[in-house]
Q: 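I am attaching a structure below and will ask some questions about it afterwards.
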2 protein chains.
Amino acid sequence: MMNPIFHALFQKSRYLTNCLNEVLKQHQLYSSQWTILYCLHKNGPMTLTQIWKYLNVEAPSITRAITRLETLGWVQRLDGEDKREKIVTLSAQAEERLPAITATIIAFEEEMVGSLTVEEQHQFIKLLEKMKG
Amino acid sequence: MMNPIFHALFQKSRYLTNCLNEVLKQHQLYSSQWTILYCLHKNGPMTLTQIWKYLNVEAPSITRAITRLETLGWVQRLDGEDKREKIVTLSAQAEERLPAITATIIAFEEEMVGSLTVEEQHQFIKLLEKMKG
DNA sequence: AGTAATTATTTAGCTAGGTAAATAAATTTC
DNA sequence: GAAATTTATTTACCTAGCTAAATAATTACT
């Protein structure tokens, strides 16, 4: 890329994802799986559509991730009143393990972003949002 | 993620990649293919190892991408003096088409990043680099 | 009420990243 | 100089995004 912003941004994004996956290995989770678990923890049971709209991802990515999380015992898929929709809920196992995982994540984020002051963190987000899109 | 920086960063990264792919459709290229072509244009012929080290990705990603670029006629793989290594060069077709693609990219980048002042762009990169890693 | 349009989810198949392990050539070591 | 180590590339297989199209259930239309 000619403008160094893009290369820097893409690279940091990949780097952070890899680090996050590394750190989450101890809980046998991938970063995107964690993202979904956290989303459910924060919002309670959600339909697939609610999840992908919330996370700003396309539906098939969520279908696949939920299928995996289900077979691994982290979530359940229940039929909704509207028979088209599936409602996803955290399993007891997930609820039980979530605090430890959350602690891992908080430590990770603190390590990664701790070199920035709170001021700089706000500045960073502001700049991200000021970019088109 | 609990710290909004990560979500914002990952999301913008995904968004920009998608936009870039969209814009590159007119040249029948994907963003990561473009990245490699530009890398070769800037540095001249390179071995696979030089490419993946330069782009900061793992070797298999580059092997795959180069194979595809080769079958599409954008690059050639030549044996090096060291018989282990393959030297990748741009094809005549690529050299010919690169100016038009570059123009597309410059316009894209200007559109995406134009809402930031030059000052802010520097600030942004500085903050990215200040984050750990 | 019956047909058409919309909505939720899934399936199939693509790019693009990653790790682990295989292979082949070059280099180092003894 | 033979054996061991290193290096460059590839292969196989995983996650994770995407689009396009299929399916099934609901809603809207007339």
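Every value quoted in this text rests on a predicted model; they were computed, and no experiment measured them. To find a chain, count down the sequence lines: A is the first, B the second, and so on, and within it residues start at 1.
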Q: Any idea how F6(B) and F108(A) line up, ring-wise: parallel (<30°), tilted (30 to 60°), or perpendicular (>60°)?
A: tilted
Q: Taking for each residue the nucleotide of DNA chain C with the nearest heavy atom, is it T49(A) or E58(B) whose nucleotide lies nearer the 5' end?
A: T49(A)
Q: Considering all heavy atoms of both residues, which atom of I36(A) and which atom of A65(A) are nearest to each other, and what is their separation?
A: CD1-CB, 3.5 Å
Q: Give T47(A) one of three labels, base, sugar-phosphate or nothing, depending on what nucleic acid heavy atoms sit under 4.0 Å from its own.
A: sugar-phosphate
Q: Taking all atoms of both residues into account, what is the closest heavy-atom pair of I51(A) and M46(A), and its distance?
A: CG1-CB, 3.8 Å
Q: Within this structure, what is the CE-to-C1' distance between M46(A) and dA8(C), rounded to whole angstrom?
A: 15 Å
Q: Tell me the interatomic distance from K86(A), atom NZ, to dT10(C), atom C1', rounded to whole angstroms.
A: 8 Å
Q: Could you check how far CD1 of I62(B) sits from P of dT19(C), rounded to whole Å?
A: 14 Å
Q: Could you say whether K83(A) or Q50(B) is positioned toward the 5' end of DNA chain D, judged by the nucleotide with the nearest heavy atom to each?
A: Q50(B)
Q: Between the protein and nucleotides 14-16 of chain C, list the N/O to N/O atom pairs that are separated by less than 3.5 angstrom.
A:
from    : atom 1 : to     : atom 2 : distance (Å)
dA16(C) : OP1    : S32(B) : N      : 3.4
dA16(C) : OP1    : S32(B) : OG     : 2.4
dA16(C) : OP2    : S32(B) : OG     : 3.0
dA16(C) : OP2    : R68(B) : NH2    : 3.4
dA16(C) : O5'    : S32(B) : OG     : 3.1

Q: K132(B) and Y15(A): which non-hydrogen atoms are nearest, and at how many Å?
A: O-CE2, 3.5 Å
Q: Hey, does the side chain of R14(B) reach the backbone of N56(A) with a donor-acceptor pair shorter than 3.5 angstrom?
A: yes
Q: Just by modelled atom types, is the E120(B) backbone N or O under 3.5 Å from a matching donor or acceptor in the K130(A) side chain?
A: no
Q: Distance check: side-chain N/O of R77(A) vs OP1/OP2 of dA8(C), anything under 4.0 Å?
A: no
Q: Both P60(A) and N56(B) contact DNA chain C. Which one's nearest nucleotide lies toward the 5' end?
A: P60(A)
Q: For DNA chain D, which nucleotides open and close the run of contacts to chain B, 5' to 3', at under 4.0 angstrom from a non-hydrogen atom?
A: dT7(D) to dC18(D)
Q: If you compare all heavy atoms of G80(A) against all heavy atoms of I87(A), which two are closest, and at what distance to 0.1 Å?
A: CA-CD1, 3.6 Å
Q: Can you tell me how far apart CH2 (W34(B)) and CG (L98(B)) are? Round to the nearest 0.5 Å.
A: 5.5 Å
Q: Does T17(A) reach a base, just sugar-phosphate, or nothing at all? Heavy atoms under 4.0 Å.
A: nothing
Q: Would you say Y30(A) and L90(A) are hydrophobically clustered, going by side-chain heavy atoms of ILVMFWY under 4.5 Å?
A: no
Q: May I have the distance from R84(A) (atom CZ) to dA8(C) (atom P), rounded to whole angstrom?
A: 6 Å
